[in-house]
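Structure record follows, encoded as structure tokens.
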Amino acid sequence: MVDMDKIVSLCKRRGFIFQSSEIYGGLGSAWDYGPLGVELKNNVKRVWWRDNVHLRDDMVGLDAAITMHPKVWEASGHVASFSDPFTGCGDCGRHYRADQIIDAIWNSRWFRAFNKMLEGPAAKKDPRKAIENWIDSEGKKLAPNFPRNTVAEDVRLPLENANDPKFLQLLRALAHSSNSNDMGFLCPNCGSGKLSSPKPASLMLETFLGPVQETATKTYLRPETAQGIFVNFDNVLQSMRKKLPFGIAQIGKAFRNEITPGNFTFRTREFEQMEIEFFVMPGTDEEWHQKLVDRRFAWYQQYGIRGDNIRQRVHDRDELAHYAKGCVDIEYLFPMGWSELEGIANRTDYDLKQHSQHSGRALEYFDEDTKQKIVPYVIEPSAGADRSTLAFLVDAYREEEVRGEKRVVLNFHPEIAPIKIAVLPLLKKNDQIVETAKKLTADLRKRWYTVYDDTASIGRLYRRQDEVGTPFCITVDVQTVGDDKAGADEKVTVRDRNTMGQVRVAMAELPAVMEKLMAGQWAEIHAQHGVSKD
Ligand code: GAP
């Protein structure tokens, strides 16, 4: 698995993702998509929309406003209960999600160094002495308040499992705290301060509409796109005459005042969601929940996510959101470990009923068969556009050795790849080659995003395109346009990113051939027109 630093560095170097406001020192919780990143993310959103809206009879789309009536957030329960517990360090001022503190300590510099020391020969021989020595040397810098007298002789035991009660006991001991209700832990960042008792922190980002900042004008930037769908349920039903079961899909920005944004674009305060609210007859909800979990799980793999890197995780009862009866997360093996990519929840009739009650408007469906009004149940597949984009990036990353040199490849599915085709003239001083290559680029662009590049040697141009995941390169050479010795053969070389194999194809046939290549038929085309590797 590639580490995140490599992905962050490639993203910056090749124009995928930049730190927000970088020239002012950057904003840790926001990222900007560069020229290739915007193509990549747009492709993810485009295929999601096509597969979930255009290719289905039972789905329609919506694009609701980000700012909504403040009562929406009272009715939805977000004002009262959309919060995470947080704890903070009195010394360095860093804040943490209290429910993720064990992970934060486990991954802290001081804890990793301490752990490494315990693995070493000195600690195996005399743990007590090795610990003391560590406290006086490395520990002094990394965790100045690491207490000398509280480390048990058998510390090595609990370190094998972060959830082991003995481990928690050890951590408390390290912070001189025996009270299990008190966080009491040593700060993961500075190793000096003690963490405060956990308190809830609202994740809602407040804003004020209009020139006067007073209670009457206060609302929130939406923390999920879902509520825009619920409040429009009746509008869509009446205007589109849909019958149950049917779904409404929406892609849009959401905002959360996350306590610990991080891991690149994985957790940010501003992000994009791709959500579906699928309305079903009560009683058929569990069956639909399973169907939608299966469908969404298959979707990621259809666009190249490797089966070994994706899994489903059923929520325990105590993890469920206030509106959910059940939830299955689709998790991806990100560089920092298995983490949520998408949640598929059974939201029951909670939201429609809440909005009916708070607005006084009935949000119901008339069932022609039973001649009764019912409140539909809702299954909600809720994906992150940024997290999906990150997963596609991480999953596509490969390093290979080709003729003694490192080749970095982003092995994107052609539908996801930012650039589909790069046209490369073999000789940039030959006017006929350049003219033909530019004309070819202009023609291909009408169907696929195609770029022209003549700024380096052909080998280097191939590597550049490999690194940004362009599935096919086309070279125009002397044979294509002809010279004094031979007439033009009107053919070009198409090179496949994954195999580095090449085929020679007549320009007139190119649109039909490219269509097949984009559909994954490289082997067939290679068998017909194959040449060699670059
Ligand atoms: N409407 C349900 C809902 O919002 P969620 O599990 O809180 O459920 C759904 O969010 C998805 O939105 C997540 O699986 C993730 O992909 C994305 N997401 C949530 N918070 C995020 C954040 N702070 N940064 C980036 N993506 C986030």
Side-chain angles (χ1 to χ4, degrees), residues 17 20 27-31 33 41 44-45 48 62 64 66 68 72-73 76-78 81-84 86 97 99-100 201-205 220-231 247-278 289 292-293 296-297 299-300 305 310-315 319-332 334 336 338-348 350-352 354 378-394:
I17 302 173
S20 162
L27 188 66
S29 59
W31 297 87
Y33 287 82
K41 189 168 149 190
V44 171
K45 293 190 284 184
W48 183 91
L62 184 81
I66 288 174
M68 300 177 75
V72 167
W73 306 111
S76 68
H78 282 84
S81 57
F82 196 52
S83 62
D84 277 335
F86 86 103
R97 282 260 303 261
D99 53 336
Q100 294 175 352
S202 172
L203 298 179
M204 302 291 282
L205 264 163
Y220 303 93
L221 297 180
R222 65 183 177 195
E224 59 170 8
T225 62
Q227 299 303 326
I229 298 181
F230 294 128
V231 299
I248 305 177
Q250 175 164 222
I251 298 178
K253 290 261 183 177
F255 302 81
R256 294 183 189 174
N257 206 359
E258 297 282 359
I259 299 162
T260 46
N263 286 317
F264 198 24
T265 55
F266 179 82
R267 191 179 306 284
T268 49
R269 294 197 173 111
E270 170 181 343
F271 55 97
E272 232 172 331
Q273 290 189 312
M274 309 188 287
E275 295 202 297
I276 297 169
E277 306 304 323
F278 199 75
H289 193 193
L292 290 176
V293 168
R296 293 300 306 141
F297 192 61
W299 185 83
Y300 291 100
I305 296 285
I310 188 166
R311 71 180 186 191
Q312 297 177 17
R313 190 179 69 80
V314 179
H315 276 216
E319 286 180 85
L320 291 174
H322 61 276
Y323 49 71
K325 167 182 169 186
C327 185
V328 177
D329 278 352
I330 296 179
E331 294 189 333
Y332 179 73
F334 285 99
M336 65 284 186
W338 287 102
S339 311
E340 177 186 339
L341 188 55
E342 167 163 354
I344 301 137
N346 182 343
R347 286 182 87 127
T348 68
Y350 176 86
D351 301 272
L352 291 181
Q354 285 290 109
V378 177
I379 308 300
E380 178 196 62
S382 173
D386 307 273
R387 271 194 206 171
S388 302
T389 302
L390 182 61
F392 282 118
L393 257 167
V394 167

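What you see is a predicted model, and the numbers here were worked out from it, not measured in a lab. Start at 1 and go down the list; that is how both ligands and their atoms are numbered.
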*Nearest heavy-atom pair of His315 and Leu320: which atoms, and what distance?*
CB-CD2, 3.7 Å

_Heavy-atom pairs closer than 4.0 Å: do any link ligand 1 to the side chain of Arg269, the backbone, both, or neither?_
neither

_Residue, atom name and distance, where the atom is the protein heavy atom closest to atom 10 (O) of ligand 1_ = Gln273 NE2, 3.4 Å

*Output yes when the distance from some N or O of ligand 1 to some N or O of Ala226 is under 3.5 Å, and no in every other case.*
no

*What atoms of ligand 1 come closer than 4.0 angstrom to any heavy atom of Glu380?*
1 (N), 2 (C)

*ligand 1 to Tyr323 polar contact by distance, N or O atoms, under 3.5 Å*: no

*Select one of side chain, backbone, both or neither to describe which atoms of Asp386 lie under 4.0 Å from any atom of ligand 1, heavy atoms only.*
neither

*Report yes if some N/O of Pro223 lies less than 3.5 Å from some N/O of ligand 1; otherwise report no.*
no

*Please say whether the positively charged group of Arg313, taken as NZ for Lys or CZ for Arg, lies over the ring of Trp338, i.e. under 6.0 angstrom from the six-membered ring centre and within 45 degrees of the axis.*
no

*asked:* Quick test: of every protein heavy atom, which one is nearest to atom 17 (C) of ligand 1, and how far off is it to 0.1 Å?
replied: Gly384 CA, 3.8 Å

*Checking His322 side chain against Ser76 main chain: does a donor-acceptor pair fall under 3.5 Å?*
yes

*Just go through Arg222, Arg387, Glu275, Glu270 and tell me whose heavy atom is the nearest to atom 1 (N) of ligand 1.*
Glu275

*Around atom 25 (C) of ligand 1, find the nearest protein heavy atom and jot down its residue, atom name and distance.*
Phe266 O, 3.1 Å

*Polar side-chain atom of Asp386 near backbone of Glu272 as donor-acceptor pair, under 3.5 Å*: yes

*asked:* Test ring-ring contact (aromatic ring centres under 6.0 Å, His included) on Phe264 and Phe266; report intermediate values, then the result.
replied: CA-CA 6 Å; Phe264 198 24; Phe266 179 82; over 10 Å; no

_Starting from atom 18 (N) of ligand 1, what is the nearest protein heavy atom, named by residue and atom, and what distance separates them?_
Phe271 CE1, 3.5 Å

*Over all heavy atoms of both residues, which pair between Ala64 and Arg222 is shortest? Give the atoms and the distance, please.*
O-NH1, 3.2 Å

_Just by distance, no angles: are the side chains of Tyr323 and Gln354 close enough, under 3.5 Å, to form a donor-acceptor pair?_
no

_For Arg347, atoms of ligand 1 separated by under 4.0 Å from a heavy atom_ = 1 (N), 2 (C)

_For atom 5 (P) of ligand 1, which of the options Gln227, Glu342, Glu224, Arg256 provides the nearest non-hydrogen atom?_
Arg256

_Check this for me - ligand 1, Thr265, N or O atoms closer than 3.5 angstrom, yes or no?_
no

*To which protein heavy atom is atom 3 (C) of ligand 1 closest, and what is the distance rounded to 0.1 Å?*
Ser382 OG, 3.5 Å

*asked:* Quick check on contacts: which atoms of ligand 1 are under 4.0 angstrom from a heavy atom of Glu340?
replied: 6 (O), 13 (C), 14 (O)

*Is the shortest distance from a Lys or Arg side-chain nitrogen in Glu224 or Arg347 to a carboxylate oxygen in the other one below 4.0 Å?*
yes

*Can Arg269 be said to sit on top of Phe255's aromatic six-ring, NZ or CZ under 6.0 Å from centre and within 45° of the ring axis?*
no

_Nearest-neighbour protein heavy atom for atom 24 (N) of ligand 1, which is reported as residue plus atom name and distance_ = Thr268 N, 3.1 Å

*asked:* Between Trp299 and Trp48 (side chain of the first, backbone of the second, donor and acceptor by atom type, cut-off under 3.5 Å), is there such a pair?
replied: no

*Taking all heavy atoms of Glu277 and all of Val378, pick out the closest pair and write down the distance.*
OE1-CG1, 3.3 Å

